[in-house]
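The analysis underlying the following values was restricted to heavy atoms, covering all of them including side chains, and did not include hydrogens, waters or symmetry mates.
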Amino acid sequence: QVYNVTKFLEDHPGGDDVLLSSTAKDATDDFEDVGHSSTARAMLDEYYVGDIDMATIPARTKYAPPKQPHYNQDKTPEFIIKILQFLVPLAILGLAVAIRMYTKSESA
C-alpha cells in the first residue's frame with residue numbers, strides 16, 4: 001500500500017525526520033514497531049494513495065563489476081619499454097664513441 005503523508009509532515013508527533021527516513025521503501029515494520037494508536041491507524045485512510053503493482057518492481061540482480069584490462073599506470077605498452085631499455089643504452093654508447101672519435105681527431 002502507498003501513502004502520501006506530505007501534508008502530515010509538520011503535524012507528526014515524532015517530527016518529519018521519522019517520516020522522511022521511511023520514504024521510498026516498505027515502511028510497514030517502521031510503522032508497526034512504534035505501536036501507533038487506533039487514531040493514528042484510522043488516519044491512514046486519509047493518506048492512502050493505492051496499491052503497488054508488484055509487476056513494475058524490477059528484480060534484484062547481483063552486481064558484477066565489469067571486467068577491465070590490466071591497468072598499466074604509465075600507459076606505455078610493455079614492448080615499447082623493452083625496446084627503450086635496449087636502445088637508450090645503445091644510443092648513449094654510440095654518442096660516447098662519436099664524441100670520443102670527434103675529440104680524438106681534433107686533437108691529432
Side-chain angles (χ1 to χ4, degrees):
Q1 295 175 334
V2 178
Y3 296 91
N4 182 356
V5 294
T6 306
K7 296 176 186 174
F8 189 62
L9 286 175
E10 293 180 14
D11 298 330
H12 188 266
D16 60 353
D17 290 342
V18 175
L19 295 175
L20 293 174
S21 68
S22 299
T23 57
K25 69 174 188 172
D26 182 358
T28 304
D29 291 337
D30 295 340
F31 183 82
E32 296 297 336
D33 288 346
V34 174
H36 284 90
S37 65
S38 57
T39 307
R41 291 182 185 281
M43 291 175 68
L44 286 176
D45 292 338
E46 181 182 343
Y47 300 107
Y48 178 72
V49 175
D51 292 329
I52 293 178
D53 180 6
M54 297 304 279
T56 62
I57 299 175
R60 288 190 174 245
T61 56
K62 184 177 178 185
Y63 175 75
K67 295 190 180 211
Q68 297 179 348
H70 174 71
Y71 179 69
N72 188 354
Q73 188 172 0
D74 60 4
K75 309 270 191 270
T76 309
E78 291 181 25
F79 74 92
I80 292 178
I81 293 173
K82 291 186 182 209
I83 290 172
L84 289 175
Q85 286 176 339
F86 174 74
L87 290 179
V88 169
L90 191 60
I92 292 172
L93 180 62
L95 183 62
V97 170
I99 290 173
R100 176 73 175 152
M101 289 178 65
Y102 179 74
T103 56
K104 192 175 189 182
S105 65
E106 277 190 1
S107 58

Legend entry - For Y47, the option from F8, Y3, F31 that meets ring pair (Phe, Tyr, Trp, His ring centres under 6.0 Å): F8
Legend entry - Gap separating the CG atom of D11 from the CG atom of D16, nearest 0.5 angstrom: 11.0 Å
Legend entry - L84 with F86, same ILVMFWY side-chain cluster at under 4.5 Å: yes
Inset, instruction - For residues D30 and K25, determine if any side-chain heavy atom of one lies less than 4.5 Å from a side-chain heavy atom of the other. - result: yes
Inset, instruction - Rounded to the nearest 0.5 Å, what's the gap from NE2 on H12 to CG on D17? Could you check? - result: 11.0 Å
Legend entry - Atom pair CG/CD of N4 and E46 - distance to nearest 0.5 Å: 11.0 Å
Legend entry - Same apolar cluster (I L V M F W Y, side chains within < 4.5 Å links), I52/L44: no
Legend entry - Whether over 12 other heavy atoms sit under 6.0 Å from R41 CZ: yes
Legend entry - Single-linkage hydrophobic cluster, 4.5 Å side-chain cutoff, L87 and I80 together: yes
Inset, instruction - Determine the minimum heavy-atom distance between Y63 and P66, stating which atoms define it. - result: OH-CD, 3.9 Å
Inset, instruction - Tell me whether V2 is reachable from L9 by hopping between hydrophobic residues (I, L, V, M, F, W, Y) whose side-chain heavy atoms are closer than 4.5 Å. - result: no
Legend entry - Hydrophobic cluster identity match, V18 and L20, side-chain contacts under 4.5 Å: no
